[in-house]
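Written out below as structure tokens is the structure these notes cover.
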Number of protein chains: 4
Amino acid sequence: MNSDARGQQMPARIAAELRTLIHTGTVPPGGRFQGERELAQEFSVSRATLRQALKVLQEEGYIEVRRGPYGGAFVTSLGAPLTAWKEQMASDFAPMDDLFDFRVGVEMAAARFAAERRTDEDIVRMRESTERLATAVGREQLRLHDARFHECVAEASGSSRLLNMVREVRGELFLPVDFLRDDDTQDHSDILGAIIDSNPDLASQRMMEHIEHTREQLRKLVRTA
Amino acid sequence: MNSDARGQQMPARIAAELRTLIHTGTVPPGGRFQGERELAQEFSVSRATLRQALKVLQEEGYIEVRRGPYGGAFVTSLGAPLTAWKEQMASDFAPMDDLFDFRVGVEMAAARFAAERRTDEDIVRMRESTERLATAVGREQLRLHDARFHECVAEASGSSRLLNMVREVRGELFLPVDFLRDDDTQDHSDILGAIIDSNPDLASQRMMEHIEHTREQLRKLVRTA
Amino acid sequence: MNSDARGQQMPARIAAELRTLIHTGTVPPGGRFQGERELAQEFSVSRATLRQALKVLQEEGYIEVRRGPYGGAFVTSLGAPLTAWKEQMASDFAPMDDLFDFRVGVEMAAARFAAERRTDEDIVRMRESTERLATAVGREQLRLHDARFHECVAEASGSSRLLNMVREVRGELFLPVDFLRDDDTQDHSDILGAIIDSNPDLASQRMMEHIEHTREQLRKLVRTA
Amino acid sequence: MNSDARGQQMPARIAAELRTLIHTGTVPPGGRFQGERELAQEFSVSRATLRQALKVLQEEGYIEVRRGPYGGAFVTSLGAPLTAWKEQMASDFAPMDDLFDFRVGVEMAAARFAAERRTDEDIVRMRESTERLATAVGREQLRLHDARFHECVAEASGSSRLLNMVREVRGELFLPVDFLRDDDTQDHSDILGAIIDSNPDLASQRMMEHIEHTREQLRKLVRTA
DNA sequence: GTGGTCTAGACCACA
DNA sequence: GTGGTCTAGACCACG
């Protein structure tokens, strides 16, 4: 009914979308967003509103804004947000568990339907993401291609709603992704295999294990930090 | 001061919530909502705003407002919304498929985690829902207890996010539920069994089959209508 | 040259002007400012800009904003600003001394020129202020008529620049005025006498003593607080 | 980031400051300002902005900009500004009176507090200014050391606010100073004497007379011009 | 051509 | 008719 008006205010909503781009590594530290005018148009929003969104991210320490030509909104090294996130997680891990429970649901379903419905083109895209992750160097690239694979699976599921949710969840995940597991590439490869074999149960099963591994990894990280 | 002021779509939001109450059978045809003043207070909203929400539902044919003593907002027989829904589904079933893909994801996860984490109290509640569905008479009761069971499972999963999503999906489902399958009670019972046995894979598997059956049923309904 | 553009941003400048109205008691605690639209027009500024000014005052604890008819920006009991002011003064009284040095200059000159140039109407106004102060009840009235007298003297000086400065200084004074000396009325009366007698030296002399008394009073207040 | 961004009148502000330097004789006719880059840095402003300020002064006839080596912004003989000023004063002397009323206030207070608070170093500086005025040759030197003395007194008052105001007023005075009275040196000397004697009333009294003499001188000048 | 500020005006939610 | 939010567009200061 009101599918795209979930009730947040515009600035907060746009801030969330931009934050997602940072969390997923789409715009890495040091990277620059488009100009305010372009962004405003992209979000179908006035520049004033967009600027409020940028201000939120600025105060959260995600971006810093520079003026002049070659100015713009640049992603910081993310030190401040990382610290804030760790503190919050250390004091209460429940929200993260909640997020992962939901992630398990949407990504298992995505993997299942992907195994049933994937086209050859879907397979090409998923394979490419997997290979790029394998050869990625640097945290930013790892982060980006890890996120990209999960999106590709959701795309292959043919469900726009699942795709949106996969993206939304990913957008909330943030820095955990900074600490990718060494065997992520293998996980992705295994999942992809099951999808190619058109084995929905196996695909979703492996997706679940993959996500639960990540959850465990995160839990450890928070405990030791 | 303006901490929760979303700016501009409160009426639509409230309308959606009230619509959900109708879709899930919480307030059945012929049933009456609380007085405007109570509703307004419940949603932390002014009476004027609430009246706009009611107006939306009125125009959609969900409710009719009667004045005087014993007046109030009464749920109609839902003929108009049903017709509108059928027409829409007949012309494009994709949104419904999208919704069901997502439903499969969240409810499978809910069943899985419920099987892992359910407490004795959770079991009591789920069992009660199942039994009430078995002995329910009339469409309204069926609809209500069917919805209630799915909520109970989501509650047992211990994930507030999954619970919210289960409810949200249900709120969008509407009348399909009018046409419950005869073997729904058996499905619920089977799912509950797997949850009680602490068998996550089986519980989620049965939940999926249950939902896919409903999807098929609906698809047929639309074709023949 | 650029007499009215001293370089502040508009919101800060407007906030300062509104703050002055509070400090001088023109709008007392509990009082209400005009509607945003009127204020915006009065300051020849857009509503958005004016709202930023209101936000500043809101965060400083000077006003609270209520919605609905009979809503608007209302002056608080000023507890928060008072506390903040006391703390600041206790840690560094120098800015207050600086302000008073300047005040001595402008108000002595105002008294001097008033004694030279006052018209009969000026005298009427100054006398009225003095009398009202004598019969005033309540802090708000005292504050208001005290401020009013000093303005009247500055008006009588015939120098718009001095008048502006007297007002500006008064606007920065704030709560000190909350603690009026018992013999303020006598001081005002003495100053007025010298002005009526067209005695510039005596008028400015008395004005100085009046202000220095206030300074001393304030100094004590801060020490004991 | 935008801590000191006043938004929109930087050029005018900078122009005013540079104009003051000319009015006070700090940079005399024929004199050269620093390079654009140095000035820009000094005012913490971009070169483009500074150039706008220079353009303003250029159009007012205060400076002329020469290019090439030994180029820069040179103060003109000030014929054009002087003519403009005379015309303006002849048509309306009120603004000048207003300025002098204010000047009386701030400089009397400065003299008063200087007499109360001057240190030995202050005396040295004030004496030096007085002596240099006595031995000055040429309008430029006269203008410069006259202005300098008044600043020294304001410095000795220990009030930064009074000092700022004395400077600001002086910046607006401009060419009147071109026509210094012969007995200015004696006036300064008398004022200094009262300050050294720690006689606040006398110091401020003499300061007033000094300023009022200047006002009269100016008035005559305008009448005859 | 960038971000920073302000304007003018609309519509919404409120009581 | 109030305050709360957003839009569209302008101009300024920047490097």
Side-chain angles (χ1 to χ4, degrees), chain A residues 8-14 32-41 43-55 58 63-74, chain B residues 1-14 37 40 43-53, chain C residues 8-14 32-41 43-55 58 63-74, chain D residues 1-14 37 40 43-53:
Chain A
Q8 268 179 312
Q9 292 124 295
M10 290 299 311
R13 223 154 99 194
I14 293 168
R32 177 182 176 275
F33 281 100
Q34 297 165 308
E36 293 185 352
R37 289 164 185 80
E38 288 98 318
L39 282 177
Q41 197 169 9
F43 287 106
S44 303
V45 112
S46 80
R47 216 184 128 209
T49 304
L50 182 112
R51 279 176 62 76
Q52 287 194 44
L54 289 183
K55 202 180 169 195
Q58 210 173 347
I63 62 173
E64 59 183 26
V65 177
R66 293 202 284 272
R67 294 202 290 188
Y70 305 102
F74 293 83
Chain B
M1 204 43 71
N2 60 345
S3 62
D4 66 343
R6 272 59 136 236
Q8 58 189 33
Q9 4 138 326
M10 286 297 311
R13 282 244 307 274
I14 293 168
R37 287 165 189 77
F43 288 106
S44 303
V45 115
S46 81
R47 222 182 121 207
T49 305
L50 184 112
R51 287 177 61 82
Q52 288 193 45
Chain C
Q8 269 178 313
Q9 292 124 294
M10 290 300 310
R13 222 155 98 195
I14 293 167
R32 176 183 177 275
F33 283 100
Q34 298 164 306
E36 294 184 351
R37 289 164 184 79
E38 289 98 319
L39 282 176
Q41 197 169 11
F43 287 105
S44 303
V45 112
S46 80
R47 216 184 128 209
T49 304
L50 181 112
R51 280 176 61 76
Q52 287 193 45
L54 290 183
K55 202 181 169 194
Q58 209 173 347
I63 62 172
E64 59 183 24
V65 178
R66 294 201 284 270
R67 295 201 289 188
Y70 305 102
F74 292 83
Chain D
M1 206 40 73
N2 60 345
S3 62
D4 66 343
R6 274 60 138 231
Q8 57 190 35
Q9 4 139 324
M10 286 298 310
R13 281 244 304 275
I14 293 167
R37 287 165 190 78
F43 288 106
S44 303
V45 114
S46 81
R47 222 183 122 206
T49 304
L50 183 110
R51 286 176 63 81
Q52 288 192 47

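Letters A, B, ... are given to chains in the order of the sequence lines, protein chains preceding strands, and every chain is numbered from 1. Keep in mind that this is a model prediction, so the values were computed, not measured.
Rounded to whole Å, atom P of F:dT5 lies 13 Å from atom NZ of A:Lys55.
In this structure A:Arg37 satisfies the side chain to side chain donor-acceptor pair (under 3.5 Å) test with no other residue, sequence neighbours excluded. Residues passing the side chain to side chain donor-acceptor pair (under 3.5 Å) test with C:Arg32: none are found, sequence neighbours excluded. Under the rule for a side chain to side chain contact (heavy atoms under 4.5 Å, CB included), the partners of D:Ala53 that lie at least two apart in sequence or sit in another chain are D:Ile14, D:Ala15. Checked against side chain to side chain donor-acceptor pair (under 3.5 Å), C:Gln41 has no partners two or more places apart in sequence or in another chain. The side chain to side chain contact (heavy atoms under 4.5 Å, CB included) search around C:Glu38 returns C:Gln34, not counting sequence neighbours. By the side chain to side chain donor-acceptor pair (under 3.5 Å) test, C:Gln52 pairs with no residue at all, sequence neighbours left out.
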When you compare the protein's N or O atoms with those of nucleotides 7-9 of chain F, which come within less than 3.5 Å of each other, and at what distance?
residue : atom : partner : partner atom : Å
F:dT7   : OP2  : A:Ser46 : N            : 2.8
F:dT7   : OP2  : A:Ser46 : OG           : 3.1
F:dT7   : OP2  : A:Thr49 : OG1          : 2.5

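For C:Glu36, the side-chain atoms get nearest to F:dG3 when compared with the rest of F:dG3, E:dG3, F:dC6. Residue A:Arg51 has its side chain nearest to E:dG3 when only F:dT2, E:dT2, E:dG3 are considered. Ranking F:dA13, E:dG3, E:dA13 by closeness to the A:Arg32 side chain, first place goes to E:dG3.
For DNA chain E, the stems formed by at least three consecutive Watson-Crick or G-U pairs, with both atom-pair distances below 3.5 Å, span E:1-14 with F:1-14.
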